[in-house]
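Below: the structure, in structure tokens.
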Amino acid sequence: MAIQFTTSDILEKQFKTTMRGYSQEEVDAFLDEIIKDYEQFDKRIQELERENRDLRTQVEDTPRSAPAPQTSTNFDILKRLSNLEKHVFGAKLYD
């Protein structure tokens with residue numbers, strides 16, 4: 001969906017006046033508030049687009065073949081603990 005109006009479009013919009021029309025000052029004040037919202041939305045969209053671009057760049061720069069984290073089973077942990085005990089306390093415990 002394309003944006004139909006810019007802040008300038010809203011600001012420069014002229015309405016025909018009639019005898020039983022709306023208060024021009026009230027309409028202008030309301031349009032001024034809409035313009036402020038549009039400016040905030042536009043600013044936020046630009047920030048998000050910049051952030052999106054930065055994140056895409058980070059993803060593209062991340063190595064795709066990063067090694068998977070090594071998982072240990074309980075047996076592997078016990079074996080490593082046993083080896084550590086041998087080194088710390090010496091082979092006397094296991095003789």
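All residue numbers in this chain count up from 1 along the given sequence. Keep in mind the model is a prediction, meaning the values are calculated, not measured. Because only heavy atoms are used, hydrogens play no part in the values below, and waters and symmetry mates are left out as well, while side chains stay in.
- The environment of CG in D54 is crowded: more than 12 heavy-atom neighbours from other residues, nucleotides or ligands sit within 6.0 Å.
- Looking at Q46 and D42, their side chains do bring a donor and an acceptor atom within 3.5 Å of each other.
- Summarising the local packing, CD of E47 is surrounded by more than 12 heavy atoms from other residues, nucleotides or ligands at distances under 6.0 Å.
- With hydrogens and angles disregarded, no donor-acceptor distance shorter than 3.5 Å links the side chain of N52 to the backbone of E49.
- In the hydrophobic clustering of ILVMFWY residues, with side-chain heavy atoms under 4.5 Å counting as a link, I35 and F15 come out together.
- Side chain of T57 to main chain of R53: a donor-acceptor pair is present (N/O by atom type, distance under 3.5 Å, no hydrogens or angles).
- Nearest heavy-atom pair across F5 and Y38 is O-CE2, 3.1 Å.
- Classification of K36 and E39 as a salt-bridged pair fails, no side-chain N sitting under 4.0 Å from a carboxylate O.
- Rounded to the nearest 0.5 Å, atoms CG (D28) and NZ (K13) are 12.5 Å apart.
- One hydrophobic cluster, built from ILVMFWY side chains closer than 4.5 Å, cannot hold both I10 and F41; they sit in different ones.
- A donor atom on one side chain and an acceptor atom on the other are found under 3.5 Å apart for D76 and T73.
- L48 contributes atom CG, which lies 9.5 Å from atom CZ of R50 (distance to the nearest 0.5 angstrom).
- Contact check for E85 versus V88: no side-chain heavy atoms found under the 4.5 Å cut-off.
- To the nearest 0.5 Å, atoms CG (L81) and CD1 (I77) are separated by 9.5 Å.
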